[in-house]
Amino acid sequence: MASQPARARKSALRTPRRSVVGVTDESAQTLSAVSVRALTSPEDVRAALISELDLHLSTTTNKHGRPFQRKTINAYVNAGKALSAWIGASQHVNAVGVVVESFMDVDTATLNHYFRWWYQTKDVPKSQDGKGGYTGGVNTQQRNLRALFVYLSEEYEVPNPYDDPKLHKYAAPQLGKPKTLSEEFVTDVLTLTAWGPDRRDFETTRDHALLRVLTEGLRAEEILNLRVQDLDLPNATLVVVPLKGQRNSVDARPIPLQPSTVKALQRYIRVRATHPRAESGHRDSAWLWLGTRGRRPLQYKALYWIVKRRAEQAGYDPDEVTPHSFCHTWCHDLLDAGVSGENVMAIRGWSSPAMLRRYGADQASQRAINAVHQLGDRYS
């Protein structure tokens, strides 16, 4: 009996399929794989390495054993992008004569050239370029760029220029003396937004509460990071969570509030309840500071312009005032009132007396004169 030809057997297993949206079955047969853009240019390769660094930092911890904050990761990534732009802008040759196209080609001599260029073109404190605030210039750029070369050294086994003693180190730009706001200014700007018959709308009530909290010595980011749950108004305090820690950090510290600040926050919470994003269940309902016209929670730019606008409305030069000006004023006010430096440091969360000296520098001489005058005659 002649054997029957073997029948083709069908697989009992599920075959993985890759569907292509908008492509017919006939044309899909010609698309065996999704095409991927090849990294052919040096710019693409550098961009890919920066993306690797971003992912690496997002999945690891810092030297304190805590996750990197997104703001820190962005600073490190942006430092890499700035170096990449400099490499691509003109031709550079490293110490062994290789044209620098990849981060792998960057050696100590190349970095020294780059940092000198940064110092000559960009190393200007913001307080001197008319934009307010302060930046660390090339010193900050050097610290932020280190993460990229540490990563390349660990993952690709290339020499780290930061380990070379010949790498030129730049000091941070010298700090100017911080300015303290006058008592008259603080009083006038608070009076401008104070609760009254014609000043009970959401924006005015919020701005007054914001300004009151600024007088408690908090940094802008600490204020913007507040949640409703951080307020303990019956005990006249609020809780500040460390910016570089987690919200369940044991390092959270209570901030004592003035009676007027408590009252301003009570009124704001009451008016805030009418905000559409304050409704229970809304993704933004936990944030304390909400935008006008139903907009999202406040960001730094909004706080910055609130302070500027209210200063101008009160008749003052807005260029002289920033949110951080209130921090220095708070430090002076407490020291001038006789609060010990130890207590000031505890409230602010400072571990170094250098911060106390820095924030209290503007009126230090005047406080010393007042203290000596209070002694009266020391000899009869």
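Throughout, residue positions are numbered sequentially from 1 according to the sequence presented.
Remark: R116 CZ is loosely packed, at most 12 non-hydrogen atoms of other residues, nucleotides or ligands lying under 6.0 Å away. Annotation for R296: atom CZ does not count as buried by contact number, only 12 or fewer foreign heavy atoms lying within 6.0 Å. Heavy atoms of other residues, nucleotides or ligands lying less than 6.0 angstrom from NZ of K308 number more than 12.
In this view, D164 and T108 satisfy the side-chain hydrogen bond (donor to acceptor under 3.5 Å, both in side chains) rule, not counting sequence neighbours. When the salt bridge (Lys or Arg N to Asp or Glu O under 4.0 Å) test is applied to D54, the partners found at least two apart in sequence or on another chain are R70.
Of all non-hydrogen atoms in L233 and L265, the two that sit nearest each other are CD2-CD1, 3.9 Å. For the residue pair R227 and D230, the shortest heavy atom distance occurs at N-OD2, 2.8 Å. Residues S153 and N160 share a closest heavy-atom pair of CB-CB, 4.0 Å. Here the shortest heavy-atom pairing between V240 and L238 reads CG2-CD1, 3.7 Å. Closest non-hydrogen pair, F115 versus L145, comes out as CZ-CD2, 4.0 Å.
Geometrically, R277 does not engage W287 in a cation-pi contact, judged by NZ or CZ lying under 6.0 Å from the ring centre and within 45° of the ring axis.
Residues I269 and L231 have side chains in contact (heavy-atom distance under 4.5 Å, counting atoms from C-beta outward). Taking 4.5 Å as the limit, some side-chain heavy atom of H275 sits within range of a side-chain heavy atom of F202.
Residues R348 and E222 are paired through a salt bridge, judged by an N-O separation under 4.0 Å between the basic side chain and the carboxylate. Using a cut-off of 4.0 Å between Lys/Arg side-chain N and Asp/Glu carboxylate O, R310 and D207 are scored as salt-bridged. Ion pair K71/E221 flagged as a salt bridge, since at least one NZ, NE, NH1 or NH2 atom sits closer than 4.0 Å to an Asp/Glu carboxylate oxygen. Between R309 and E203 there is a salt bridge, with a side-chain nitrogen of the basic residue lying less than 4.0 Å from a carboxylate oxygen of the acidic one.
Here the CZ-CZ distance, from R267 to R200, works out to 7.5 Å after rounding to the nearest 0.5 Å. In this structure, the separation between CG on L49 and OG on S84 is 9.5 Å, given to the nearest 0.5 Å.
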Enumerate, atom names and distances included, each donor-acceptor pair closer than 3.5 Å involving a side-chain atom of residues 188-198, sequence neighbours excluded.
residue : atom : partner : partner atom : Å
D188    : OD2  : Y316    : OH           : 2.5
T191    : OG1  : T187    : O            : 2.7
T193    : OG1  : V189    : O            : 3.4
T193    : OG1  : L190    : O            : 3.4
T193    : OG1  : H208    : ND1          : 2.9

Derivation and outcome, side chain to side chain donor-acceptor pair (under 3.5 Å), residues T261 and R212: CA-CA 5 Å; T261 304; R212 284 285 181 187; 5.2 Å; no

Derivation of the side chain to side chain donor-acceptor pair (under 3.5 Å) call for Q258 and T215: CA-CA 9 Å; Q258 302 165 77; T215 67; 3.1 Å; yes

Full working for ring-ring contact (aromatic ring centres under 6.0 Å, His included) between W118 and Y170: CA-CA 11 Å; W118 189 281; Y170 287 79; over 10 Å; no

Side chain to side chain donor-acceptor pair (under 3.5 Å) assessment of T204 paired with D201: CA-CA 6 Å; T204 306; D201 59 286; 2.8 Å; yes

Evaluation steps, side-chain contact (heavy atoms from CB on, under 4.5 Å), between T60 and F68: CA-CA 7 Å; T60 188; F68 284 97; 3.7 Å; yes

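Ring centers of H113 and W86: under 6.0 Å apart, within the cut-off.
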